[in-house]
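One structure is given here, and the rest of the page talks about it.
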Amino acid sequence: MKINLENIKKAKYLLNKKECVAIPTETVYGIAGNAYSDKACKKIFGLKNRPLNNPLIIHYYDLKKLKNDCDLNSDFLKLYKKFCPGPITFILNQKKTSKISKVATNKKNTLAVRFPKHPVARNLLKYLKFPIAAPSANISSRISAVTSADVKDDFGKKIKYILEGGRSSVGVESTIIDIRKKPKILRLGGLEVGIIQKILDKKISINVNPHKILAPGQLKIHYSPGIPIRLNVKKIKKDEALLLIKKKKINKSNYYFLSRKGNLKEATRNLYTILRQIKKDNYKSIAVGKIPNKGFGKTINDRLLRASKF
Ligand code: TXA
Ligand code: MG
């Protein structure tokens with residue numbers, strides 16, 4: 001995608017003035033603000049209607065900039081070298097001298113950090129004098145935005161500026177790993193756990209049970225398109241859309257496919273857009289067929305399970 005420097009300049013101007021802007025990343029769009037500023041971070045929580053005890057992810061350009069705020073370790077460095085910039089978020093210990101706003105972290109001494117790969121986000125981060133706090137650009141508990149139009153649908157005029165970056169290529173949020181001691185996955189996402197495991201070459205525990213809330217952000221009801229979702233459905237109801245992993249021979253107007261051939265990565269990329277589309281097409285609920293529970297299929301099932309708690 002071509003970078004429009006004028007647009008980036010405008011976003012920079014607003015961020016420098018402690019305003020919030022929506023920014024594109026390769027996972028999903030984010031609502032961004034100066035992570036060193038209490039004022040900017042408060043605005044983010046207000047815009048999203050997000051509980052203050054749910055801390056924000058902090059976005060950095062590179063390691064050099066992160067060193068001011070966090071203690072690093074060898075497991076982190078291994079993953080950083082292999083996957084960053086990219087769709088992975090690390091939980092690290094914060095340095096005492098860190099300047100990150102206590103509003104962003106809810107006074108925790110840990111920090112969730114990420115290095116987005118999207119060229120627009122990278123260009124922005126490179127020339128700012130502070131890291132960016134940016135949760136996903138959606139109203140709290142709803143599905144994330146993967147285009148600027150999605151952000152507009154959710155926030156309308158409430159958001160001062162939406163930095164255009166095309167469609168997010170990954171389509172779901174980053175994978176979160178607590179890397180302080182024994183590596184622990186806190187959220188399945190845009191990077192498969194299997195390949196993280198290969199690089200670390202040690203056991204990784206997965207702690208994402210949607211029936212148990214461990215981190216404040218692991219709210220049970222999440223990623224909701226705003227209408228009920230039923231899982232592993234065999235028989236659909238009247239006025240219900242059917243969401244399938246793969247195109248079927250028989251095609252009906254209420255059938256929606258995540259991928260033509262059942263490719264799980266493509267299905268992940270399409271998931272939020274199709275859920276939004278079904279709502280726009282006025283269906284009253286969504287029935288979901290079985291989705292293979294492997295690789296990215298695990299991420300899709302995780303999101304749909306949480307969305308089904310609506
Ligand atoms: O892909 C992504 O990660 C996107 C893009 C915009 O970067 N961001 C995103 O942010 O998904 P958000 O706020 O929607 O999800 C971040 C999650 C929340 O569930 C939050 O509770 C958790 O990260 N989190 C933040 N700081 C944490 C911390 N110190 N310890 C544990 N979890 C934390
Ligand atoms: Mg979110």
Side-chain angles (χ1 to χ4, degrees), residues 20-33 35 41 44-45 47-60 69-71 83-94 98 100-118 120-122 124-125 131-147 150-151 154 162-163 165 168-181 184-191 207-208 210 213-224 268-269 272 299 302-303 306-307:
C20 296
V21 298
I23 61 160
T25 87
E26 75 282 15
T27 55
V28 297
Y29 274 65
I31 296 285
C41 291
I44 296 176
F45 281 96
L47 274 170
K48 270 189 66 106
N49 199 11
R50 180 181 180 116
L52 286 164
N53 66 355
N54 188 358
L56 308 177
I57 294 183
I58 313 300
H59 297 65
Y60 289 85
D69 295 320
C70 282
D71 295 324
F83 300 120
C84 295
I88 179 166
T89 294
F90 304 93
I91 309 296
L92 291 166
N93 284 318
Q94 235 186 118
S98 156
I100 297 294
S101 157
K102 299 272 181 289
V103 176
T105 58
N106 188 34
K107 300 194 184 115
K108 273 169 161 303
N109 48 18
T110 56
L111 209 60
V113 306
R114 175 163 130 66
F115 309 86
K117 192 172 186 167
H118 194 295
V120 171
R122 276 188 72 66
L124 187 64
L125 284 165
I132 285 177
S136 52
N138 55 281
I139 306 297
S140 198
S141 89
R142 294 301 174 92
I143 15 183
S144 301
V146 294
T147 62
D150 292 345
V151 181
D154 283 7
I162 304 174
L163 184 54
S168 297
S169 60
V170 175
V172 291
E173 302 79 1
S174 58
T175 299
I176 303 182
I177 183 164
D178 184 344
I179 197 82
R180 290 170 300 156
K181 286 186 187 135
K184 200 180 344 169
I185 301 288
L186 299 184
R187 175 173 76 184
L188 300 174
L191 191 65
N207 227 332
V208 296
I213 300 171
L214 297 155
Q218 290 175 310
L219 300 175
K220 254 204 261 180
I221 305 162
H222 222 118
Y223 313 108
S224 168
T268 307
R269 186 180 307 134
Y272 291 163
T299 302
D302 173 88
R303 298 301 188 268
R306 287 174 211 268

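For ligands, and for the atoms within them, numbers begin at 1 and follow the listed sequence.
- Note on ligand 1: A134 sits in its first shell, one or more heavy atoms being nearer than 4.0 Å.
- Counting heavy atoms under 4.0 Å from ligand 1, residue I176 touches it through the side chain alone.
- For atom 20 (C) of ligand 1, the nearest non-hydrogen atom from the set N54, V172, V28 belongs to N54.
- L47 and C20 get closest at one heavy-atom pair: CD1-CB, 3.7 Å.
- Within the 3.5 Å criterion, the main-chain N or O of D302 finds no donor-acceptor partner in the side chain of Y223.
- The contact set between ligand 1 and P135, taken as ligand atoms under 4.0 Å from a residue heavy atom, comprises 10 (O), 12 (P), 13 (O).
- Atom-to-atom distance recorded for C70:SG and I100:CD1 is 7.5 Å, nearest 0.5 angstrom.
- Annotation: Y29 places no N or O atom under 3.5 Å from an N or O atom of ligand 1; distance criterion only.
- At least one N or O atom of S136 sits closer than 3.5 Å to an N or O atom of ligand 1.
- For the residue pair A133 and I44, the shortest heavy atom distance occurs at O-CD1, 3.4 Å.
- Where the criterion is an N or O separation shorter than 3.5 Å, residue side chain and backbone included, H59 meets it with respect to ligand 1.
- The shortest heavy-atom contact between G189 and T299 is O-OG1, 3.1 Å.
- The backbone N or O of N138 lies less than 3.5 Å from no partner atom in the side chain of S144, so there is not a single donor-acceptor pair.
- Between T25 and ligand 1, no pair of N/O atoms sits closer than 3.5 Å.
- With rounding to the nearest 0.5 Å, the separation of CD1 in I91 from CD1 in I176 is 5.5 Å.
- A side-chain donor-acceptor contact under 3.5 Å links R114 to the backbone of G86.
- For ligand 1, one of its N or O atoms has an N or O atom of R187 under 3.5 Å away.
- Here the Mg ion (ligand 2) has protein N, O or S atoms under 2.8 Å from it, and they come to 1.
- No donor-acceptor distance shorter than 3.5 angstrom exists from the side chain of K184 to the backbone of I177, with no hydrogens or angles considered.
- Residue S174 has at least one heavy-atom neighbour below 4.0 Å for each of these atoms of ligand 1: 1 (O), 2 (C), 3 (O).
- For ligand 1, the atoms sitting less than 4.0 Å from at least one non-hydrogen atom of R50 are 12 (P), 13 (O), 14 (O), 18 (C), 20 (C), numbered in the order shown with element in parentheses.
- Here the straight-line distance linking atom OG of S136 with atom CZ of R50 works out to 6.5 Å at 0.5 Å rounding.
- Here Y60 pairs with nothing under the ring pair (Phe, Tyr, Trp, His ring centres under 6.0 Å) rule; sequence neighbours left out.
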